[in-house]
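All remarks here apply to the structure that follows.
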Amino acid sequence: MQHTLFLYNTLSRRKEAFLPQNPPFVGMYVCGPTVYGDAHLGHSRPAITFDMVYRYLLHLGYRVRYVRNITDVGHLEHDLDEGEDKIAKKARLEQLEPMEVAQFYMNRYHRNMDQLNTLPPGIEPVASGHIIDQIATIERILKNGFAYVSNGSVYFDVLAYSQHHDYGKLSGRRIDDLLTDTRELEGQEEKHFPADFALWKKASPEHIMRWPSPWSDGFPGWHLECSVMGAKYLGIPFDIHGGGMDLIFPHHESEIAQSVAAYGSEHVRVWLHNNMVTLNGQKMGKSLGNAISLDDVFTGNHPLLDQPYSPMTIRFFVLQAHYRSTLDFSNDALQAAGKGLKRLLAGMDALEKLKPSDHSSVNVHEWEDKCYEAMNDDFNSPVLIAQLFDGLHMANLIGAGTETLSVEDLSHFKKSFLTFVTDVLGLKHEEQDQPSDLVSGLMETLLQLRERARGKKDWETADMIRKELARLKINVKDTKEGTVWEKISD
RNA sequence: GGCAACAUGGCCGAGUGGCUAGGCAGAGGUCUGCAAAACCUCGUACACCGGUUCGAAUCCGGUUGUUGCCUCCA
């Protein structure tokens, strides 16, 4: 580990050298999905971002325990049916068991994540499997005087907490501002202070998802599961906590407060937050009708999409922007990304054909250092990608004989390039649909006929075959190695 | 309304107080029967108005716009 990695810590608002508590071990917790619907484009960002973080830490030689939760209880609908759980609501609508709904969408989420080539977390705890741990934590918070029971529910006492600690340190919010913000919300009458949040919520009679507790039959509050499950599997404090920027307040702010209230210390050393996704410059939201599911993106089945975009195109596109910048999805941008990715992967294959020389005219190690510099600077994947394209250019010059590499340097260059593309960025060739034997046979015959015509300089026939195939979205290319064909997709 | 962040060439998107980002598109060229693909060469952009500075797109202030959070949210 000759390179120092710098991370932007939301808590300090600056880049800090990453020094794990117990190297080479690293504990990382990332906020996962609430499984009540299909994953959409917005979900791809944290998934790919923290997959890149995970992959790079592994590449640097760290032993990473990666925990990503699945939220299957606890989130409240904000406007209707006060106190009804999102999962329970969906279950009633679809006449399914709540757990059935959660399982269904969890399976689909996993499939999408697999398509995006994200590595599975080492532990993927579900909130409903940790009710006992959450109750125990609530009891500790109550005992420490930072919570109160109100009508069967338990609330975190933000004012009591802020007497001794800084509620708002992560998000930059002030208690005074929270006070002035006098929005009317339902269920507020049980709270002593508007900013107080539920640790345990009493279930209404029709509420399906419920567990017994010392206070009522109910369910755990919004923010508790991450504090509890992070502490359980990673210990306190752990090195990295990741998630979307929209979770900074109130979710992560409240997590910190809960951990301090329960355990006496903060549970996270470095907070990493990915920025949000927009679509054609607009916020993406279900209410705006522009939250495109990943399945729809992959199939192109959405009015806003001109064509399908493959999982690797999405992955490459996401990595082409820095994770802390907003990222705007548009057809133009995705098409550009698809083409760039194709060229990068084809170039990677072409590296294999390079021939070494007796000396090197370019400095491979300097090039490689720039790749590491990019990633070490708070995971600057766009700069790494630019560097890879520069490497590609270098490879082309070597292929043309303009530049040379020694046997040793060439081998190092190939290995390094491949490692950055596949291991660190997690990019790979997408398996094409293999043509059937029938299609292959037909194409072979057709191209032989065309070759025969070309041999006789019968350009009219040769061009007709190519033109007709083009209408079937088949591209025929006469290369030096012979004629090849490919299906035109995106 | 309150609190933040951002505003870069046709599009996407890095970075930086003076020194090439990169991708896509576009132009020219090599190759080719033609085409496609591939490769080579090419762009001096940084919202607006002030200020600091020898010098700012990069720092400071203001304006406008966009986005996020303040309510489940990746």
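We name chains A, B, ... by the order of the sequence lines, and we start the count at 1 in each one.
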Among B:rA74, B:rA21, B:rU67, the one nearest A:His43 by side-chain distance: B:rA74
I want to verify a distance call: between B:rA74, B:rC70, B:rA14, whose nearest atom is closest to the A:Val383 side chain? B:rA14
So which nucleotide does B:rU53 pair with, by the Watson-Crick or G-U wobble rule with both distances under 3.5 Å? none
When rounded to whole Å, the OH to P distance for the pair A:Tyr323 and B:rC12 reads 23 Å
Is any side-chain nitrogen or oxygen of A:Asn475 closer than 4.0 Å to OP1 or OP2 of B:rA36? no
Among B:rC12, B:rC70, B:rA74, find the nucleotide with the atom closest to the side chain of A:Asn274. B:rA74
Candidates B:rG33, B:rG15, B:rA74 - which lies nearest the side chain of A:Arg45: B:rA74
For B:rG23, does either OP1 or OP2 sit under 4.0 Å from a side-chain N or O belonging to A:Arg343? yes
Quick one: A:Lys370 NZ to B:rG22 P, roughly how many Å, whole number? 11 Å
Minimum-distance nucleotide to A:Phe249 side chain [options: B:rC11, B:rC70, B:rG22]: B:rC70
Provide, to the nearest angstrom, the distance between the CD atom belonging to A:Glu253 and the C1' atom belonging to B:rC3. 12 Å
How long is the line joining CG of A:Leu392 and P of B:rG23, in whole Å? 9 Å
Does NZ or CZ of A:Arg68 come closer than 6.0 Å to the centre of the six-membered ring of A:Phe50, within 45° of the ring's axis? no
For A:Met245, report the nucleic acid contact type (base, sugar-phosphate, nothing); a contact means any heavy atom under 4.0 Å. nothing
To the nearest angstrom, how far is A:Asn380 atom CG from B:rG22 atom P? 14 Å
Carboxylate-amine/guanidinium contact A:Arg466 A:Asp463, below 4.0 Å: yes
With a 4.0 Å cut-off on N to O distance, would you call A:Lys477 and A:Glu486 a salt bridge? yes
When you get a sec, tell me which of B:rA14, B:rG2, B:rC34 is the closest nucleotide to the side chain of A:Arg173? B:rG2
Less than 4.0 angstrom from a charged side-chain N to a carboxylate O is my criterion; do A:Arg454 and A:Asp458 meet it? no
Listed nucleotide nearest any side-chain atom of A:Lys477, set B:rG33, B:rA36, B:rC12: B:rA36
Report yes or no: is the cationic atom of A:Arg173 (NZ for Lys, CZ for Arg) closer than 6.0 Å to the six-membered ring centre of A:Tyr167, at no more than 45° off its axis? no
Taking N and O atoms by type only, does the side chain of A:Asp463 place a donor or acceptor under 3.5 Å from a partner on the base of B:rG33? yes
Please state how far atom NZ in A:Lys342 lies from atom C1' in B:rG23, giving the value in whole angstrom units. 15 Å
Under 4.0 Å between a side-chain N/O of A:Thr34 and OP1 or OP2 of B:rA74, yes or no? yes
On the nucleotide B:rA14, are OP1 or OP2 found under 4.0 Å from the side-chain N or O atoms that A:Ser325 carries? yes
Options B:rA21, B:rC34, B:rC12, nucleotide nearest the side-chain atoms of A:Asp478: B:rC34
For atom P, what is the distance between B:rA14 and B:rC6, given to the nearest Å? 12 Å
What's the closest nucleotide to the side chain of A:Ala336 if the choices are B:rC70, B:rG23, B:rG13? B:rG23
Less than 4.0 Å between a side-chain N and a carboxylate O, is that true for A:Asp390 and A:Lys370? no
Side-chain N,O (A:Asn396) to OP1/OP2 (B:rA38) below 4.0 Å: no
Distance below 4.0 Å between A:Lys339 side-chain N/O and B:rA25 OP1 or OP2: yes
Between B:rA5 atom P and A:Asp246 atom CG, what is the distance in whole Å? 17 Å
Donor-acceptor contact below 3.5 Å, side chain A:Trp367 vs main chain A:Leu388: no
Between P of B:rU67 and CG of A:Leu279, the distance in whole Å: 12 Å
Looking only at B:rU41, B:rC12, B:rC70, the nucleotide nearest the A:His393 side chain is B:rU41
